[in-house]
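Every value quoted in this text rests on a predicted model; they were computed, and no experiment measured them. Start at 1 and go down the list; that is how both ligands and their atoms are numbered.
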Amino acid sequence: MDSRPIGIFDSGVGGLTVVKEVMHSLVGESVVYFGDTARVPYGSKSKQTVTKFSAQIIRFLLTQDVKAIIIACNTVSSNSIEELRDMFPNIPIVEVVGPGVHMALHTTKTGVIGVVGTQATIASNKYPELLLAQDAALKVYGKACPLFVPLVEDGWADHDVAYQVVKEYLKPLLEKNIDSLILGCTHYPMLTHTIKEIVGTQVELINPAEEAAKQMGDILSKNNMSSNSINPEYKFYVSDSEEQFKKMAQIFLNKPIEHIATVPIEEY
Ligand code: DGL
């Protein structure tokens, strides 16, 4: 048994959708979460910048004695995973794109799949590339939805404005008759309610966080690194705006956030 925490990070509150899955399926594991609230969004930034920010965060998480890391961000996963694995070869890293691809392959019946994500994730072409490598007959349609992240970060996920924005962005994908939609940004599961209202029951929503948590569980148990603590700890760190993050996290995780602090992340 290894009671050290799992490190999880994202540009902001989005990675909490992964924390939620970890709390649910890896109940004995402690978590140290970092949300880069000072520098969100990542989705409109270059690969070099996203890689640099992520490396700083991983260096910070290593100071917290984490035993493994989940990159709870599709923008980082689709643009920087190879570089980050090269930079940090001694720690197990789980990302979210592979898990999303795995789930989509099992979910689709018609083979027509939609992917929504940030500009950087869609531009990387990572989802279509990995999906088509598994099955060249699939039809994969991507759509960048840059307004989703600010709507979620500001707590507007269930607002009428969110409904209009989601409807507009998803229109071209619905016209292609997709039967599965990969939520290729960890912020987007927070819009599930609104997205479901628009896509209806014909389209299956895929949240890669579920499979990412499962993959982390498999890696830990294979390496005898699991923890079955009855008192797991959850610590949260941000680079700015503790209060807004805390408010959102408490609502989303449905539990009080006892430990939150600000970290000068650019010093790492
Ligand atoms: N939640 C992140 C993702 O999965 C990043 C969103 C952003 O910062 O633009 O892509």
* Common cluster, Ile6/Ile69, ILVMFWY with side-chain heavy-atom separation under 4.5 Å -> no
* Asked: Are Ile178 and Val140 linked, directly or through other ILVMFWY residues, by side chains that come within less than 4.5 angstrom of each other?
  -> no
* To do: Quick one: list whatever passes side-chain contact (heavy atoms from CB on, under 4.5 Å) with Gln56, sequence neighbours left out.
  => Arg39, Lys52, Phe53, Arg59, Ile265, Glu266, Tyr268
* **Ser227: partners by side-chain contact (heavy atoms from CB on, under 4.5 Å), with sequence neighbours left out** => Met1, Ser3, Glu29, Lys67, Ser229
* To do: Can you tell me which residue pairs pass the ring-ring contact (aromatic ring centres under 6.0 Å, His included) test with a partner in residues 180-202, sequence neighbours excluded?
  => Phe148-Tyr188
* Near ligand 1, which residues have a heavy atom under 4.0 Å away from one of its atoms? -> Asp10, Ser11, Val40, Pro41, Tyr42, Gly43, Cys73, Asn74, Thr75, Thr118, Val149, Cys185, Thr186, His187
* Over-ring placement of Lys20 relative to Phe252, 6.0 Å and 45° cut-offs -> yes
